[in-house]
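Whatever order the structure lists ligands and atoms in, that order sets their numbers, starting from 1. This is a predicted model, so every value here is computed, not measured. Along the sequence shown, residues are numbered consecutively beginning with 1.
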Amino acid sequence: MTTIWDLWSEARNPPAEPTGLSFQDKAVLVTGANSGLGYASAVKYAVLGASPLILAVRSQEKGDAARASIIHETGHTGEIIILILELSSFESVNTFVNELNERVAKLDVALLCAGIVVPDYRTGSDGYEMTTQVNVLSNTLLALRILPKLRAAASSEGDCLPHLCFMNSLASHAVDPEWLPSAGQTLLIGTLNDPSKFDLTRHYYLTKLAAWFAISRIARVVEHSEANRDEHKVIINACCPGMCRTNMQRDLPWYMRLSQQAFLLPLSRSVEEGSRSLVSATGLGPESMGKLWRKSAGRFWREDGYLEPSDFLKSERGQELADDTWNEILAILQPYLDQGDFEF
Ligand SMILES: NC(=O)c1ccc[n+]([C@@H]2O[C@H](COP(=O)([O-])OP(=O)(O)OC[C@H]3O[C@@H](n4cnc5c(N)ncnc54)[C@H](OP(=O)(O)O)[C@@H]3O)[C@@H](O)[C@H]2O)c1
């Protein structure tokens with residue numbers, strides 16, 4: 001459990017700069033690249049030589065503005081590609097992937113930064129609660145659908161392994177087990193999708209937990225697949241930037257934004273500092289995918305080290321809930337997946 005004093009200390013001790021890394025001529029995708037941590041990460045990749053740098057954003061205007069700003073800040077001379085990604089719709093995720101496949105031959109790094117918190121129950125075009133759709137379902141669909149492109153990079157260059165990195169949050173590891181459906185009741189995605197169970201704070205934490213379950217299960221399946229041996233490996237991990245000053249609370253009512261900002265000001269770090277963890281997570285070695293505990297894989301990079309899973313996550317019930325949630329997510333996504341995207 002993180003205390004206010006931990007946050008105070010973390011705000012004053014930012015993660016290390018990923019200075020030893022180079023992304024020279026690597027194809028790097030960043031989602032949510034027009035704002036906050038995604039934008040700050042894209043700036044770092046530009047400085048570190050990424051090309052093409054692929055900015056996944058919600059509109060051409062936002063992409064153009066981000067590209068102009070990155071060039072202005074860094075003098076980047078490599079290629080910058082803007083692709084439209086709307087995570088509130090599965091169809092849009094697939095349109096995005098089709099365009100990515102047409103425009104980019106291989107993908108060396110995918111850093112999935114886009115995410116939201118919303119103040120009330122609302123649904124996306126596929127009928128799922130919005131935070132669940134964006135933070136969990138669409139991000140998982142996107143990850144599964146870009147795996148072949150990452151694998152293409154693994155097969156073409158043995159010297160540098162491709163990375164699929166999810167920005168998660170410490171929130172996933174701080175869920176109170178009391179908030180969770182008990183065994184035999186509605187499953188986690190079903191609970192998140194139930195309007196009568198919506199609670200702003202809990203909902204955000206629970207979507208991050210569901211996303212973590214998906215990440216660790218994707219990592220587990222990929223790690224155990226024949227295709228992921230040695231030089232064909234894709235490294236899958238998760239990271240948390242710590243508490244950062246971003247626009248994430250934009251959808252909350254003004255009084256909540258104001259009180260949160262006042263509270264967070266002395267306890268948070270800049271997006272530049274937070275993005276150090278995200279970029280360094282995409283330079284970690286195969287150990288970052290290593291088996292952490294029974295049946296699971298995918299490690300969680302935070303504050304220049306690996307976060308230990310909570311007792312609940314390691315428990316029998318935690319593992320059972322992770323498996324149930326993964327199966328629930330897969331059943332929802334199945335109609336949108338291509339045969340051969342991912343071997344289950
Ligand atoms: N800030 C923190 O302290 C912190 C800490 C840990 C984890 N995180 C994670 O960071 C994520 C938020 O990023 P941020 O803090 O950098 O906030 P942010 O500045 O609000 O950035 C969020 C990004 O996600 C994009 N996005 C939102 N909804 C989308 C959708 N439906 N489809 C595609 N893209 C969408 C936004 O695009 P638009 O500009 O078009 O809306 C924006 O680019 C969340 O997942 C959160 O869990 C944040």
With sequence neighbours left out, what residues match Thr31 under side-chain hydrogen bond (donor to acceptor under 3.5 Å, both in side chains)? none
Applying side chain to side chain contact (heavy atoms under 4.5 Å, CB included), can you list everything that pairs with Asp194, at least two apart in sequence or on another chain? Ser196, Lys197
Taking atom types as modelled and ignoring hydrogens, do the side chains of Asn98 and Thr95 form a donor-acceptor contact shorter than 3.5 angstrom? no
In the protein, what heavy atom is nearest to atom 45 (O) of ligand 1, and what distance, to one decimal place, separates them? Lys208 NZ, 2.9 Å
Look only at interatomic distance and state if Cys244 has a nitrogen or oxygen under 3.5 Å from any nitrogen or oxygen of ligand 1. yes
Check: Leu37 N/O within less than 3.5 Å of ligand 1 N/O: yes
Does an N or O anywhere in Arg58 fall below 3.5 Å from an N or O of ligand 1? yes
Which residue supplies the protein heavy atom nearest to atom 46 (C) of ligand 1, what is that atom called, and how far is it? Tyr204 OH, 3.2 Å
Of Gly124, Gly38, Ala114, Cys113, which has the heavy atom at the shortest distance from atom 26 (N) of ligand 1? Ala114
When only distance counts, is Gly32 in polar contact with ligand 1, meaning an N/O pair under 3.5 Å? yes
Could you work out, for atom 39 (O) of ligand 1, the closest of Asn34, Ile84, Leu87, Thr31 by heavy-atom distance? Asn34
Under 4.0 Å between a Lys/Arg side-chain N and an Asp/Glu carboxylate O for Arg67 and Glu79? no
Does a donor on one side chain and an acceptor on the other come within less than 3.5 Å for Ser88 and Glu86? yes
Could you tell me if the side chain of Val117 sits less than 4.5 Å from the side chain of Asp251, heavy atoms only? no
Selection from Gly115, Gly242, Ser169, Cys240 by shortest heavy-atom distance to atom 5 (C) of ligand 1: Gly242
